[in-house]
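Here's the structure we're looking at; comments come further down.
All chains are named by letter (A, B, ...) in the order of the sequence lines, taking the proteins before the strands, and each is independently numbered beginning at 1. These figures come from a predicted structure and were not determined experimentally.
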Amino acid sequence: MTEISSPLLRLEGISLSFKGVKAISDISFDVARGRITALIGPNGAGKSSLLNVINGVYRPQAGRIVFDGEVRQRMNPHRAAVRGIARTFQNIALFKGMSVLDNVLTGRNLKRRSSWLEQALRIGRAPAEDDAQRRRAEEVIAFLHLQPWRHTLVSKLPYGLQKRVELARALAAEPKLLLLDEPMAGMNAEEKREMSRFIADVNREFDTTVVLIEHDIGVVMNLSDHVVVLDYGRKIGDGPPDEVRRNPEVIAAYLGTRH
Amino acid sequence: MFYTEAGQFSSHYRTDRRLFRLRQDRYSLYALLLFAFAVVPFIGSDYWLNAILTPFLVLSLAGLGLNLLTGYAGQLSLGSAAFMAVGAFATYNLELRVPGLPLLGSIVLGGVFAAAASVLFGLPSLRIKGFYLLVSTLAAQFFVQWLFTKVGWFSNDNASGVITAPPLVIAGHDLSNPAGRYLLTLGFVVALTLLARNVVKSELGRNWMAVRDMDTAAAVIGIPLARTKLLAFALSGFILGVAGALWAFTYLGTVEPHGFDLSRSFQVLFIIIIGGLGSIAGNFLGAAFIVLLPIALSLASGFMPAGVIDAGQLENLQKIVFGLLIIGFLIKEPEGLARLWQQLRERARVWPLRY
Ligand SMILES: Nc1ncnc2c1ncn2[C@@H]1O[C@H](COP(=O)(O)OP(=O)(O)O)[C@@H](O)[C@H]1O
Ligand SMILES: [Mg+2]
């Protein structure tokens, strides 16, 4: 049972600076398996940078990352993907010239066993594997109610749907840990409700651990089991939503005065 | 209403992946191939086969090679003619120095040499992109041309540097006549086009487009960037190399570095810009355009009163028309003729409805 109770992700003393400017200072926290952790804080607090450290896009100057029992000084993006970390980006990072289905299929690229030549000549393992990949991609598309747009070019979709396609692409990798950078930014209340429901469903049905960045406190309180608050690269709050909400430093820094 | 889709739903993922999902498209393609293989060689005049269809096919193939790299994988290149030259010279030297190697084998191996050269000059793409990569492929262009001009061994120490390609013999059949040259070219073009089409629809093709559209996101979902880019250079180089060998052996009948200069690289680039980046059919449309436009212009000038346009002016006129078209396509329709063609088809699909 230690497997279950040990955190999926542990950050220990992570510090990151860009050309001497500190973006993250000595941050440590745990992300429990199967839970939804929200990362909140004002703009520029270092939230996106922290996600970038977790999946290896940025290299921290200090600290350790323990993911699923493996200790690392720093991740690299490919290794992170192989180990089961998937993510979405604050500014949508879809493959614009490709259809929804193709975007989702790229999310499954690590699940391939056949070589490119087998696939090009449609021989060997490729045909059966193509079918299996397509089936799994269709499951994700159905799960997120994207069927009507499967053959649509993603650049032709409205913003809210693009955010959903990005979630689909991340989900297609069948990740252990899903990092969502402001998945509901720029959405209206109805779209936010829909997206919250999808995230909760993903977490419940696939037991996927989620770390998400979100500014809407209502959404955060409803959705998350655990909240971590950053301010100017420092951690100023860490605990269950209700507790964090009553933390005076958090109220001062984030909930109250500035937004 | 012959373009109706009624009843043609993809009941199986496999049918969804076919060459063309719609029956009408499939049958049109079969008919076109039958016509090209079985009818054209008999009805085509020597002029059409030699001077129009064969160069059209080879340039389409070269466009295809560059399009995989630039249109699909997003790596800019001005070195197409260099890799065509490697293909041509490698094929020539294999024919010359490896006794018993059949011509088809030499051409395919010529493609392999070109693929290797392309990967070598593609290595900088692991570090640089866009304009800087363009400059580095330009270096390939100048280096390769210099190499084949300066080192006599490649042209068998031929004084003029222009060497006559050996006769085309395949399995005892002499293909040195216009129809034979055309058929040999067509065979390669069809086979490689099918291969390329399958590749761009496969995982590798999706990875290329992912790298082209957003390389950080591609890395984050686990796509190996270096391998993906180098495979694009390899396949592109292979196809360009075969195109170069065909250019020398089936079209010109001679092998010379001069035929593979920078203006040839630009020509191939114009083909994919006019035809459509990231499109297979676009290469054929673009090549047809490039081959036919000069002919159309000279025909048109024939209708003018004598002396209005002389030959020198005609050549300048061609350059101006090309220049304007390139600018027009880059601004108005980056997806090229292929996109315009598709729009026409979409209209036909929903006809008689408007949308
Ligand atoms: N690639 C980068 N280069 C330089 N500075 C960066 C980079 N990424 C983030 N920063 C800086 O790090 C700080 C934290 O940014 P970020 O993580 O995007 O904050 P948040 O996501 O909380 O709004 C900001 O001051 C930002 O300017
Ligand atoms: Mg951010």
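Residue contact with chain B, scored on non-hydrogen atoms closer than 4.5 Å, involves the side chain of L110(A) exclusively. Residue D102(A) touches chain B through both its backbone and its side chain, counting heavy-atom pairs closer than 4.5 Å. Heavy atoms of V57(A) lying under 4.5 Å from chain B belong exclusively to its side chain. Only the backbone of I92(A) has a heavy atom closer than 4.5 Å to any heavy atom of chain B. At a 4.5 Å heavy-atom cutoff, L225(B) makes no contact with chain A through either its backbone or its side chain. Of the atoms belonging to L277(B), not a single heavy atom falls under 4.5 Å from chain A. Using a 4.5 Å cut-off between heavy atoms, L94(A) contacts chain B through its backbone alone, with no side-chain atom that close. At a 4.5 Å heavy-atom cutoff, the contact between R135(A) and chain B is made by backbone and side-chain atoms alike. Contact of E138(A) with chain B is made through the side chain alone, with heavy-atom distances under 4.5 Å.
Per-residue heavy-atom pair counts under 4.5 Å with chain A were compared for A219(B), P224(B), A217(B), and the maximum is reached by A217(B). Among A210(B), A196(B), G205(B), G278(B), the residue with the largest count of heavy-atom pairs under 4.5 Å with chain A is A210(B). Ranked by heavy-atom pairs under 4.5 Å with chain B, the first of N55(A), L105(A), V82(A), T88(A) is L105(A). Put simply, of S114(A), A120(A), A80(A), the one with the most heavy-atom pairs under 4.5 Å next to chain B is A120(A). Per-residue counts of heavy-atom pairs under 4.5 Å with chain B were compared for R112(A), K96(A), R108(A); the largest is that of R112(A).
For the pair K22(A) (side chain) and G233(A) (backbone), a donor-acceptor distance under 3.5 Å is absent. Side chain of E166(A) to main chain of F89(A): a donor-acceptor pair is present (N/O by atom type, distance under 3.5 Å, no hydrogens or angles).
Between the CD1 atom of I213(A) and the NZ atom of K47(A) there is a distance of 6.0 Å, given to the nearest 0.5 Å. Note that CD1 of I223(B) and CE of M209(B) are 10.5 Å apart. Values are rounded to the nearest 0.5 Å. The CD1 atom of I54(A) sits 9.5 Å away from atom CZ of F67(A), with the distance rounded to the nearest 0.5 Å.
Both tests hold for R169(A) against F95(A): distance to the six-membered ring centre under 6.0 Å, angle to the ring axis within 45°.
Taking a 6.0 Å sphere around CZ of F113(B), one finds it holds 12 or fewer heavy atoms contributed by other residues, nucleotides or ligands.
The aromatic rings of F198(A) and H145(A) stand perpendicular to each other, their planes meeting at an angle above 60°, with 30° marking the opposite boundary.
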*Kindly determine whether R136(A) and E174(A) satisfy salt bridge (charged side-chain N to carboxylate O under 4.0 Å, His left out), including the steps that lead there.*
CA-CA 10 Å; R136(A) 302 308 298 267; E174(A) 301 172 36; 3.5 Å; yes
